[in-house]
Each structure stands twice: as structure tokens, then as C-alpha cells.
Q: 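The structure that follows is given in the form of C-alpha cells.
Only heavy atoms go into these numbers, but all of them, side chains included; no hydrogens, no water, no symmetry mates. Note on naming: letters A, B, ... go to the chains in the order of the sequence lines (proteins, then strands), and numbering restarts at 1 for each one.
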Amino acid sequence: MTLDLKKIRNDFPILGRQLRPGVRLTYLDSTATAQKPLQVIEAMDEFYRKFNANIHRGVHTLAEESTALYEGARERIAKFINASSARQVIYTRNTTEAINLVAYSWARANLKQGDLVILTEMEHHSNLVPWHMLQAERGIELEFIPVTQDGLLDLDAYKTLLERQPKLVSFTHMSNVLGTINPAAEIVHLAHQAGSIALVDGAQSAPHLKVDMQALDADFYAFSAHKMCGPTGIGVLYGKTTLLETMPPFLGGGDMIREVKLRSFRANSLPHKFEAGTPAIAEAIGFGAAVDYLTSLGMDNIAAHEHEISEYAMERLEEIPGLKLFGPSADKKGGVASFILDGVHPHDVAQILDQDGIAVRAGHHCAQPLHEKFQIPATSRASFYLYNTKEEVDLLVKGIYKVKEMFG
Amino acid sequence: MTLDLKKIRNDFPILGRQLRPGVRLTYLDSTATAQKPLQVIEAMDEFYRKFNANIHRGVHTLAEESTALYEGARERIAKFINASSARQVIYTRNTTEAINLVAYSWARANLKQGDLVILTEMEHHSNLVPWHMLQAERGIELEFIPVTQDGLLDLDAYKTLLERQPKLVSFTHMSNVLGTINPAAEIVHLAHQAGSIALVDGAQSAPHLKVDMQALDADFYAFSAHKMCGPTGIGVLYGKTTLLETMPPFLGGGDMIREVKLRSFRANSLPHKFEAGTPAIAEAIGFGAAVDYLTSLGMDNIAAHEHEISEYAMERLEEIPGLKLFGPSADKKGGVASFILDGVHPHDVAQILDQDGIAVRAGHHCAQPLHEKFQIPATSRASFYLYNTKEEVDLLVKGIYKVKEMFG
Amino acid sequence: MDDLYREVIIEHYKNPSYRGKLDPHDISFADNNPLCGDHIQIDLQVSAEGIVTDARFDGQGCAISQASADLLLESIIGKTLEDVKKINKDYILDLLGIELGPVRLKCALLSLKVLKAGVYGLQEAGDDLVE
Amino acid sequence: MDDLYREVIIEHYKNPSYRGKLDPHDISFADNNPLCGDHIQIDLQVSAEGIVTDARFDGQGCAISQASADLLLESIIGKTLEDVKKINKDYILDLLGIELGPVRLKCALLSLKVLKAGVYGLQEAGDDLVE
Ligand SMILES: Cc1ncc(COP(=O)(O)O)c(C=O)c1O
Ligand SMILES: Cc1ncc(COP(=O)(O)O)c(C=O)c1O
């Protein structure tokens, strides 16, 4: 089923915005954050107008209602990723906090000096820095699955690394720079065979692909609402129950406890054990509305639409003289086009495109080591989501020609 | 200046809600979370409809606008608490995360086995459990400033404890159960004299009192937006610059870095060093709108109004036979009335009041040790904020008589 | 006057039949409701054939939690431990004859969680026991 | 065509006068823009009286950052280090003659931060240097 783009674009008020007189927004920056449909904006608005109360501890009507909404969202998010239980869905602020939760709780309880963690050269800083910190603190070792020149993970090198018996393999499901969709289930399976557990950074896969925790079999999976039509301020760590149950708590405070004495406490059961203090209640409810929205369109349809746009974009961009694209061919990647233009700094590309309302991102996209690997400090990145059209790709291409002219 | 209650109540859509036919909401649970005025709800709504983009790294119009809104809110929050610089305002999820940030970053870098941390018997779990965890991990020592029978901190006992040269004194500015407003500046000053640093849990003071970081002189001050008319999902850790600058980062990831290599990173400068990953952008903007709202009413006027309501409530509640109030007299406390009723469990009190739309909280209010001290498992708590009226106090009193009848 | 406070609930709360302790007992377990701090202890006497022959609860709680403990214990005397393991949320709601929101549900289910944790010999009365 | 790309900026970007390194130098400092990874190094020669006698910048960056580095160095030659310490954000914006949002501002200010960190002998080019 193809998406009804006209209808969909009407769901997103911002897409109709005039940035300046005569300049309409062309939003090609969904990899950084996605826009929000009315269904999500209004769910949160309604929460604050009708149901707002703190959760779990209140017996009054509002508290019962807000608790039911908050926990109901968790159920639907669990279903969206096909988790076996909502207890495995832990609310965090974002992907970054979810990965840090694993680094602080699981890793500090289980990793000692010399233990090996395998990452990849295409990781986002969020899946690098927590491990750098642990390396400095604990003396764990880090190794990296190399990225090939065409932007794929070198699986042979991975298999060789696995002989060193890692304790954890932590990698991104989809690169936010190259767009590469990694063979996540295979990487997880190989990790398990080698006796390691596996964390999948799903920041870019949960928004764009149908993900299924049963098929993926990852031990941990982290993702952010804001990249999948949901609000800022909320993300999820999914984990296997046995792991989550044996992990020590991370943040201490209200709600994550079963009992508190003056000098000691007992932790609450899952998922509350990892949710300290008043959570992002409205945001969880907004996240629930976002997965409802995505489900109503169908993740397969969304992926197919993005693929079509992305394929078209690759074709058109490759025709531009002096433009170099990074990453694999369109069949191996999601809707991300990162490129450099001869003689023009990516910031300037983005800035000049912005004059025509075209929003692309420029910089290292929180993946400095990957850029270093390709010996460039920065790229310009256009990215596509369920609301983007081929006409927008045409505007992008036209804009790039204008950039070339200015700096020609 | 007295508050224009009629106008104010119109700002809060939820206050007009009919819970059931003929049953209007009487919201007396603001200590758990405050209701939100239109000004806050609409600021976030507008952000998502017009400006939504990820911040800091984008050069396109939306990214510039959202960055300016996000950082502008920080400036206004800094001004609201009279911090000398916005760089001292670190966004967190809530008070709980702010205290945990100090426990993970400052305390783990500075406290060793046997080092003393002084807390009080009236702390919220959020200012207990992080220190329990550190006690288990590091062997730090915990001591507690006792609470007197009338709900005040025993400052003589505190002075004796200070002779043991604590490294940290961490205490609540205002009790969420007793309502006690502690002499925070004095407690901080005494801590400093003893060579200790001081953390103030401002979860209940920032919403209700005029707080001034220059006058308070606390080293750290933690508070939550949701208790002060702002959204869920955002709070603040304020810290003294010299401390914040020397503390190691807490969560690792995007935005908190200056530079990332494959195997190492350098941390960013303040406040970004402590804000990893995509932050709660809309929520920060909502928080900014909340402090604007509070500022427009005037914190002194808010405190005076609450005091009036609270005094009236104490008077009326004390008249009820079999009702026992906890905490000090109205002149030493904020708008919190925690009580027990002979022969009726607090849950049942709250539940029966709810039948008439009166929302009070029942339980240990995340202060189990304090309840244990008073040898009760739970209390019912009515709390008052800027939108509450004396008529609502009358409804509460009437409701309590009804409870007595049912269980009579 | 209100469903939640049906007469049977108030009656079991005010005059419980199974309040107290059993000494000796074959099974005894206690835990808290993390939401409100309410505490409940349940003692069982069990025959050689695995049949519950007597039961008592002790602790503090609201009308809902106390009444549901009393009704629950009343209903299991004479049952086998295997049958007790099968009891779930709906069973309690049927006993009480009321609808409950997510928070009050925890009050109603505390005694069942403690009972089942005791019967299974667990460390803690987790939420999963009553799902 | 657009304010941000005034001819003077494009001109200084394409044909900078102060690009390169100084050897020997009295002060040399380098740092990154954490937002985009752009890197800049500034070398100074300073007389016995504390007057900047020559200056060069090296590194990578966008038109705004390169042009502002070139304009900045041009403007400080002949100034004392004490005067350099007083330079702030507005000075740079005046040199560039444009308005900038918070993100592009960082590009424009990178060279000033690096310059001042070098002059003060700091470890890092912090944001507070240009406030
Ligand atoms: C005194 C006090 N400290 C800390 C907290 C925790 O605040 P939050 O749940 O927003 O983290 C609260 C809120 O209940 C409180 O009243
Ligand atoms: C692959 C990948 N991982 C992690 C993140 C971090 O996500 P967040 O900033 O929401 O924590 C991102 C977002 O930029 C990403 O693209």
C-alpha cells in the first residue's frame, strides 16, 4: 500500500510553514529529529488540559487516569517492537540515556579490566562515549568493526574479533550518516554464539523499519521518540527480562523503590526499578500516540516509501558534478544522503539551501570517528521520512546547483 | 498585591473539568505535580507546530530558532533563581536526576570510604536512595539531622554532627509531607563553615518561594518543572561554576562532547558537558514559559496567597475531631496539610474524597523514613498552590466529615 | 453509597475473620505495597496432601486491601496449593465485585501477591505473580 | 545575494590574507568547534612590548569561520595583548557586518575563542571567553 502523502502532510502543521515570505519549508532533516503529527501534539495537549496528575501513587481520579494513560502507552510501545512484555520497556530520556543506563548498570556490574567490548567505526557518539568513560574508569578494552569504503560493516573482521571473546557487542542498526542498514539479527546471532550479549542502537531503525524483538533477539535495544514522530524528552531501553532483573538500579529516588528505610532501600520490580522520580508522563503518552500513528500507516509502507524517495534522491544527486555521496547503494540503506561538494564547506551548503527553505544538516552528525575515517571533517546530510516527496528532492537538487554557482 | 484568582483559574483548563456529571475537580495535589496554565501548554504546542528541530548542530532556520528558544529558556530560568550565569543551569529530567547527577559525578569523584554525608529525617526518597547506593558502593557514612515532634529540623543536633566534618550536607528546602520550610541559608552557611559543600533539594521551594542562589549560597540546587506549572520531563541542576567545571561528565553521548576520537573524547564546556543526547527541547521551552508565568504573578504574591489558604486550612482542619495534622504551625510551613483520621486508612480518605472530585494524595509521599519516625505507614495530604481558594478548603473539610460518617 | 465501598467490603474491613497470625505455620511470607508502604503478612497451615487447612493475614492497609485479604483467605481454605497458584487478578476482582483503576488495583492485589510469593517460596512478591 | 554571504566574506574566504603558520611564533593555540568539528590554529608573533606583530590561522571551516578568522587577525596586528583580551562577540559581528543565529555564531566566534585562549594561556577555548 502506498502512502497518501497529501493526507499525511496535512497531519504535520509545520510542513505548511512559510519560513519567510514566499519561502516554504522543505524539511530534510528527520534523521536529526522528525516532525510531529497533530495526533501526537494533541494527545499531549489533551493530557495537560484534562488528565494531568502525578502517577502511580495517587488514588484520585486524575491520578488513576494519568497512570492508565502512561502505562497504556508502554503497552503499545512494547507491542510496536514486539516485546513479549511491557515490563521490558523502560522509559528513558532518549537513546543516549538508554545506552548509558546499560553502561552504568549492566556494564559496571559485569565488566572488569581487560574485558572486551566490540563497537563499530560507524557509531554515533552516544554509543562511543559511554564506553570511553568505562574504559577510562575500568580498563575495559574496545575494538571496532571496520567500515568498508562503500560504507558497510566488515563482517569477516567482526568474526575475527569475536574470537577474542567479547562480553558485549554494541552497534547501530542503521547509520545516521551513511544510512547503512546493518544485518542486525546476524550480528546479534554471531555475538551470542561467541558468548557475548548484544546491544542494538535502534535510534535510526525504530523510526524507519519494522523491528521485532523476537526476531532480532538483541539483549538490549535503545531508541528515541523524537526521531519517530514522538515528543522530545522520552526514549526507551528494551531489555531481556532476565538481564534487567539481575541488573542493579541506575538512578535512585521515588518510584524505583519497593521500600525505603533511613539507611537502606529495596528496589522495585520491572520496569519501575529503572524509572526514578516523576517520569516524562506527557511525553510517554505522546510516544504512545506516535507509535499508534506509525502503526496506522504501516511500518512496511513507510519503509517502502522512504526507499522510493531515497533511490530517486541518489540518482539525482549522483548526476551533480563535484558532488560525492557517502554510504552504500540505495538497496542497502535507509533514507539518508550524506555528501560533500567540491570546494564548499558543508555549513555553507546548508546555509545557502536554507535561504530557499531547505533544511539539511551539516557537520559531523555526532559521528566524528566515521568522518575521520573518510578523512573529512563534515558532510551535508539530507534525510527523508514518511512525509517527504520527490518534489522535495528536486528542490534539493536545484538548491545544490545554486550553491555551486555562488562558490563557483 | 493579591492574586486575581478568577483570572488565574481561567488560565488552567483542567480546573474547569467535570470529573463526572455534576462533580467538579477540586485539585489539592500540587505538591505531587502542579497543573499547567495555557501559557505553558500553548508554548509547547506552538513549538511543535512551528519551530521543531534538533538543536545546536543545525544551521537551518528551524534549528537556529529552536536552539534560540531552548537556550533562551535557560537564561530565564537562571534569572528566576538569580543564578549569576545561565551556564550554571543544567537541564535534567527532574529533581531526582539532578541529585543523582551530583551523586554520580561529584560524589563518586570526591567521596571515599568513611566520608560523611549529612541528610535529614524528612528527606524525599530522591535525596535518600542515591546516597544509599553510594553507601553500598563506596562505604560512605550517612547521618541524619533529626526531625522534632513538631516537624522541625533539630539544628543543635546538626551542629553536633558538623563536628564530624562532613563532606556534603544534602537537605530539602521544604518538606513535601510536613510543609516545613527549613532555614536553608543558615544550614548552608553552617555547612560551609564546617568545610562541607551543600546541596539543596528545591523541588518544593522553587515552586512556592522566591529563591535566590546568591542569598542561598548553595553549591547545588535541584528542582523540577512539573511542580511549578511547567511540563513533565524537565528539571534543573544548578551548581556553582567552579564545582561544575571540575566535575567529570555523567552521561556520555552527543552534545556533551568537544571532540570524539575512536578511542577517546574531550568533554564540552558548561552547561553542555552534562547534557548528553537530544535533550527535552519542547519541555525546556515549556519550563521557560512556566517561569515567565510565575514571574508575571510574582513569587512573593504567590507565597502570600498560599500562606493565607494554608493558615485557613490549618484552622478548619484542626477543628475536626479525630483528625491529627503533622508538621509545624502555619507560619513555619508552606501550603501542605498532611493528616490522619482516626480509624480510617489514608487511602480510604482519599478515595472517598475523590467521589466528590476532591483530589488529595494518600500514602508515604516518597518519605517512608519520615512516616516511620512518626510511626504511621501513611498520611493523607492536601496541598495548595496559586490557583487554590478558601472555598476549596471548605469542600475538603466537608468531604472529611463525610468520610468520618461512612467509617463511623 | 459508592461501588468501591460496598457493604461487604466495609464489613470485611471492620470485622475481618482471618486477621491474625498462625503459630505454628507451614508457610509465612510478608511484603509491602511499594506505592503506599502498606505491609501484609500471610501465614498458612498446609496438610500433608498440600491442602490449605488454615490461613491468617496481618498488617496494615486500606479497606480495599484488608477486605480483599480477608475474602481471599476465606476462599482458599480447603484448596490445594496448586489451585492457589492459579489464582489471578480476575479472581480477586470477582471476590470484591468491583472495578478498580491501576492504583487501587495494587491495593486489592497485595494479599494475592504475598500469598503466591509464599506458596512459590520466592524472595519477593512481584507484579508478574498476578498478571 | 544574501546578507550572510556578503562579498567581503566570500572574498576573505576564497583569498585569505592571514592563512598559514608562523615559525617561529610566541603564541600558538588550536581548538575545535564542538558543534561541527571544525578546527582552527592561530599563531602569533608578539613584540617585547606585548604588541602583536604578525598573525596566521590554519585549519578548516566554513566561509563564516574562515572569513572571520582572516578579518580578526587583520584587525589585531599592531594591537597589544591587553587590547586583544578585551575583544568580544560584538567586535566580530561588527567586522563581519552581519547578524547571526546561535549556531552560526559559534562558527564566527571560533577564531576569537582560540585567539583568546592562546593569549590567556588556557587549556581550552571556552564559550565564556567571548561572552
Ligand atoms: C522534596 C522533594 N524532593 C524531591 C522530589 C522529587 O521530584 P521529582 O519526582 O520531580 O524528581 C519531590 C517530589 O515529589 C519532593 O517533594
Ligand atoms: C544512530 C544514532 N544513535 C544514537 C542517537 C542519539 O539519539 P538521542 O540524541 O535521541 O539520544 C542518534 C541520534 O542522533 C543516532 O542517529
Q: Return the minimal non-hydrogen interatomic distance between A/Pro130 and B/Gly252, and the atom names on each side.
A: CG-O, 3.5 Å
Q: To the nearest 0.5 Å, what is the distance between CD on A/Glu97 and CD on B/Glu97?
A: 5.5 Å
Q: With a 4.5 angstrom heavy-atom cut-off, could you sort out which part of A/Gln35 is near chain B: side chain, backbone, both or neither?
A: both
Q: What part of A/Phe12 lies closer than 4.5 angstrom to a heavy atom of chain B: side chain, backbone, both or neither?
A: neither
Q: Need one label for B/Thr92: side chain, backbone, both or neither, based on atoms under 4.5 Å from any heavy atom in chain A.
A: backbone
Q: CD1/B/Ile358 to NE2/A/His60 distance, rounded to the nearest 0.5 angstrom?
A: 12.0 Å
Q: State, to 0.1 Å, how close A/Gly277 and B/Asn94 come at their nearest heavy-atom pair, and which atoms those are.
A: C-ND2, 3.7 Å
Q: Return each pair, listed once, that meets salt bridge (charged side-chain N to carboxylate O under 4.0 Å, His left out) where at least one residue sits in residues 224-234 of chain A; pairs must be two or more places apart or across chains.
A: none
Q: Among A/Glu143, A/Glu121, A/Glu141, whose salt bridge (Lys or Arg N to Asp or Glu O under 4.0 Å) with B/Arg263 holds?
A: A/Glu143
Q: As an exercise: rank A/Val40, A/Thr95, A/Asp29 by heavy-atom pairs under 4.5 Å with chain B and give me the winner.
A: A/Asp29
Q: Roughly how far apart are A/Thr278 OG1 and B/Ile234 CD1, rounded to 0.5 Å?
A: 14.0 Å
Q: Taking side chain as everything from C-beta outward and backbone as N, CA, C, O, which of these in B/Glu123 sits under 4.5 Å from a heavy atom of chain A? Side chain, backbone, both or neither.
A: neither
Q: Side chain, backbone, both or neither: which part of B/Arg49 has a heavy atom under 4.5 Å from chain A?
A: both
Q: What is the minimum heavy-atom distance between A/Cys366 and B/Gly254, and which atoms define it?
A: SG-CA, 4.0 Å
Q: Which bit of B/Glu64 is near chain A, if near means a heavy-atom gap under 4.5 Å: side chain, backbone, both or neither?
A: neither
Q: Under the side chain to side chain contact (heavy atoms under 4.5 Å, CB included) rule, what do A/Asn52 and B/His226 come out as? Steps first, then yes or no, please.
A: CA-CA 10 Å; A/Asn52 176 62; B/His226 71 92; over 6 Å; no
Q: If I compare all heavy atoms of B/Arg93 with all of A/Ala280, which pair ends up nearest, and what's the gap?
A: CD-N, 4.3 Å
Q: Relative to chain A, which segment of B/His347 carries a heavy atom at a distance below 4.5 Å: side chain, backbone, both, or neither?
A: both
Q: With a 4.5 angstrom heavy-atom cut-off, which part of B/Ala34 approaches chain A: side chain, backbone, both or neither?
A: backbone
Q: Please look at B/Tyr104 and chain A and tell me whether the side chain, the backbone, both or neither of the residue comes under 4.5 angstrom of a heavy atom of that chain.
A: side chain
Q: Measure distances from B/Leu38 to the heavy atoms of chain A and classify the residue's part below 4.5 Å as side chain, backbone, both or neither.
A: side chain
Q: Is the closest side-chain heavy-atom distance between B/Ile14 and A/Leu62 below 4.5 Å?
A: yes
Q: How long is the span from the CD1 atom in B/Ile281 to the OG1 atom in A/Thr232, to the nearest 0.5 Å?
A: 5.5 Å
Q: Side-chain contact test, heavy atoms from C-beta onward, threshold under 4.5 Å: evaluate it for B/Glu283 versus A/Glu283 and give yes or no.
A: yes
Q: Given heavy-atom pairs under 4.5 angstrom as the criterion, report whether the side chain, backbone, both or neither of B/Leu19 touches chain A.
A: side chain
Q: Do B/His132 side-chain atoms and A/Leu262 backbone N/O form a donor-acceptor pair below 3.5 Å?
A: yes
Q: Quick one: what part of A/Leu25 sits under 4.5 Å from any heavy atom of chain B, side chain, backbone, both or neither?
A: side chain
Q: Most heavy-atom pairs under 4.5 angstrom with chain B, which of A/Gly357, A/Ala276, A/Gly363, A/Ala350?
A: A/Ala276
Q: Go through B/Asp45, B/Leu119, B/Val59 and name the one with the most non-hydrogen pairs under 4.5 angstrom from chain A.
A: B/Val59
Q: For B/Phe265, give me all partners under ring pair (Phe, Tyr, Trp, His ring centres under 6.0 Å), at least two apart in sequence or on another chain.
A: none
Q: Looking at B/Thr61 and A/Arg20, what are the two nearest heavy atoms and their distance?
A: OG1-NH1, 3.3 Å
Q: Heavy-atom distance under 4.5 Å between the side chains of B/Val129 and A/Val260, does that happen here?
A: yes
Q: Are the side chains of B/Met256 and A/Thr96 in contact, using a 4.5 Å heavy-atom criterion?
A: no
Q: With a 4.5 angstrom heavy-atom cut-off, which part of A/Pro231 approaches chain B: side chain, backbone, both or neither?
A: both
Q: Judged by atom type as modelled, is there a donor-acceptor pair below 3.5 Å linking the side chain of A/Asn54 to the main-chain atoms of B/Thr33?
A: no
Q: Could you measure the distance from the CD atom of A/Glu372 to the CD atom of B/Glu259? Nearest 0.5 Å is fine.
A: 7.5 Å
Q: Is it true that, when you exclude B/Lys373 itself, more than 12 heavy atoms of the residues, nucleotides or ligands shown sit nearer than 6.0 Å to its NZ?
A: yes
Q: A/Met133 and B/Phe250: which non-hydrogen atoms are nearest, and at how many Å?
A: CE-O, 3.0 Å
